[in-house]
Each structure stands twice: as structure tokens, then as C-alpha cells.
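Read the numbers this way: they start at 1 and go in the same order the structure lists the ligands and their atoms.
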Amino acid sequence: MSLSLQMLGTGGAFAKQYFNNNALLSVENFTLLIDCGITAPISSHQIGRTPDEIDAILITHIHGDHVGGLEEFAFRMKFQYGRKPVLYISEKLVQPLWENTLKGGLTQEGISSLEDAFEVHTLKEGIPYSLSPNLTVELIQTPHIPGKDSYSLYINQEVFYSADMTFQPELLMKLVRERGCRTILHEVQFISPGAVHTTLDELRSLPEDIQQMMYLMHYADDMENYIGKTGPMQFLRQHEIYSL
Ligand SMILES: Nc1ccn([C@@H]2O[C@@H]3COP(=O)(O)O[C@H]3[C@H]2O)c(=O)n1
Ligand SMILES: [Zn+2]
Ligand SMILES: [Zn+2]
């Protein structure tokens, strides 16, 4: 069963030419929104998608470009569509998402916890969960900001979707050599050093066969300057539909 991918945005946190790096992943009649950043509402509007068409949201980590659109999403679902959005999230992110990001805006009569605003499904790392009959997602914790939990995704045991993360060549090699990974959607930072992200130079150091299965995302506004400089790796384009 092939997966359909449409990025709501492919930009890094400070990009202005591109929306936040959020993805619509569909299989059969089920659509998952991977991260819901500040620009998710305007980007969805541009492609004519409404919140009620999204079956579930999954959050990788708590930065504005990944969670900044959740307040609007929850309020629109409550007041326009009369139901709670389904939210898949690491058990470790529930408390910080509510206490540090959403509590201020969402608190009102009838909403005093994350569970009051969303139908929350907590996920443990390392376990594939069935989100729909043809979609499984496994959280893989990957380093991003020290002390801040962040989770990449292993989808249907064949597609790796990186959260924001530092370069983890051993993980990528293991996924491809031992776990059947055939497609990698990876964040990229053009300027070294990476610090909290993975650089283009680092990804270019991977074996050629791994680069061939890689699509680049979460990039800066000067992406066009790097066309032809990424070896076999291709840039994902926002709003284009890919069959994975
Ligand atoms: N130690 C840090 C922390 C954050 N940042 C920048 O802030 C952005 C937050 O969203 P992001 O997409 O994770 O990208 C981060 C860095 O650009 C950074 O460059 N260094
Ligand atoms: Zn980000
Ligand atoms: Zn981040």
C-alpha cells in the first residue's frame, strides 16, 4: 500500500520563502499531519484542506515550527466542527506541550488539560503503533537540543522521517542495512557546523546508496543555490504530492 506525502511546508524555523516543515501523510482514506507549526493553518488553507479532513496529528518535538499551529487547530475543531482532534504524542511530551506551550491560550471553561482539547494517544519509543489499517508509526528518539526530547518516525517499517536532529549516521546505516528502510526524509542545514541540525556536508558523507534514497527538507530560504550540490539527494518541494 503506497503512502502519499504532501509537505505543508519544507522550510527551516527561520525560513520565509517556505512554510514550516510539516507533512500530510495519507494512506487509503487516512490522513496524518506530522507536526503542526505556526504556518500550518495558512499553508493548509492555500491547498484547500480543512482541519476536519485530518484524521490525526503527530508531534515530533516542541518548537514553534512544529507545534505553533495546534491552538488554532484545536479551537477550530471545537467551535467549527464540534470535536477534538486526535493527537499522537510521546508520553514524555504531554506535560511540556500543555504546561509550556498550549495552556495559556487553550485554557477556558471546559478545557484545563491537553486531554480536554485533544483525543490524546500516548506513544512509547521503539514500538510500532497502528494508526490505521495500513499505517504504523514507531517513535525513534533522536538528539536535537540537549535536554529536549525529540522523536523521529519510522513509518510502516520502511520510511524514516527525521525530526530536527543532529547527524546520526549509525542510526541511518542500521535502518537501511538491518531494518528494511528504503526511503529517508531528512532535515538539512546548509551551513556547518550543524550544532542542533544535520548539515549537507554530513549527509554527503553517507554511502551513495543511502543518499540515493534520501529527500531533503527543513531547509533555508537559499535552497535554490544548492540545487546540483546535493549529489543524488533530492529536495522535497512543499505542496507537491509524492508517492512513497
Ligand atoms: N541551540 C540552539 C537552539 C535553537 N537554535 C535555532 O532555533 C531554532 C528552533 O527551531 P528549529 O527548527 O529546531 O531550528 C532551531 C535553530 O535554528 C539554534 O540554532 N541553536
Ligand atoms: Zn524545526
Ligand atoms: Zn526543532
Using a strict cut-off of 4.0 Å, indicate which atoms of ligand 1 neighbour a heavy atom of [X].
X: Asp65; result: 10 (O), 12 (O)
X: His218; result: 12 (O)
X: Val196; result: 1 (N), 2 (C), 18 (C), 20 (N)
X: His144; result: 13 (O)

Worksheet item: What is the closest protein heavy atom to atom 10 (O) of ligand 1, and at what distance does it sit?
Response: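 Looking at atom 10 (O) of ligand 1, the protein heavy atom closest to it is Ala13 CB, 3.3 Å.
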Worksheet item: What protein heavy atom sits nearest atom 6 (C) of ligand 1, and how far away is it?
Response: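 Result for atom 6 (C) of ligand 1: Phe14 CZ, 3.9 Å.
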Worksheet entry | Heavy-atom side-chain contact between Gln211 and Arg204 under 4.5 Å |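 Heavy-atom side-chain distance check passes, below 4.5 Å.
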Discussion item. Test your reading of the model: is there a side-chain donor-acceptor pair from Thr39 to the backbone of Asn20, 3.5 Å cut-off?
Written reply: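 Pair found, side chain donor or acceptor close to backbone of Asn20.
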Worksheet entry | Angle in degrees, rounded to 10°, that NE2 of His61 and NE2 of His144 form at the Zn ion (ligand 3) |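 That angle is 110°.
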Fill in: The one among Lys148, His197, Met165 that brings a heavy atom closest to atom 14 (O) of ligand 1
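Nearest option to atom 14 (O) of ligand 1, by heavy atoms: His197.
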Worksheet item: Salt-bridged, Glu119 to Lys84, with N to O below 4.0 Å?
Response: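 No.
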Worksheet entry | Test: Arg177 and Asp209 ion pair at under 4.0 Å |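 Salt bridge present between Arg177 and Asp209.
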Worksheet entry | Atom of Asp164 nearest the Zn ion (ligand 3) (restricted to N/O/S, atom name only) |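 Minimum-distance N/O/S atom of Asp164 relative to the Zn ion (ligand 3) is OD2.
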Discussion item. For N/O/S atoms only: which one belongs to His63 and is nearest the Zn ion (ligand 3)?
Written reply: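 Atom name of the closest N, O or S in His63: ND1.
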Worksheet item: Between atom CG of Leu32 and atom CG of Leu131, what is the distance when rounded to the nearest 0.5 Å?
Response: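 Separation between the atoms: 6.0 Å.
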Practice prompt. Using the side-chain hydrogen bond (donor to acceptor under 3.5 Å, both in side chains) rule, take Thr50 and Asp52 through it: C-alpha gap first, then chi angles, then the decisive distance, then the call.
Written response: CA-CA 6 Å; Thr50 52; Asp52 62 314; 2.5 Å; yes
Worksheet entry | Rounded to 10 degrees, the angle NE2 of His218 makes with OD2 of Asp65 at the Zn ion (ligand 2) |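 That angle is 100°.
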Item to complete: Say whether His61, considering both its backbone and side-chain N or O atoms, lies within less than 3.5 Å of an N or O atom on ligand 1.
Response: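 So ligand 1 has no N or O lying under 3.5 Å from an N or O of His61.
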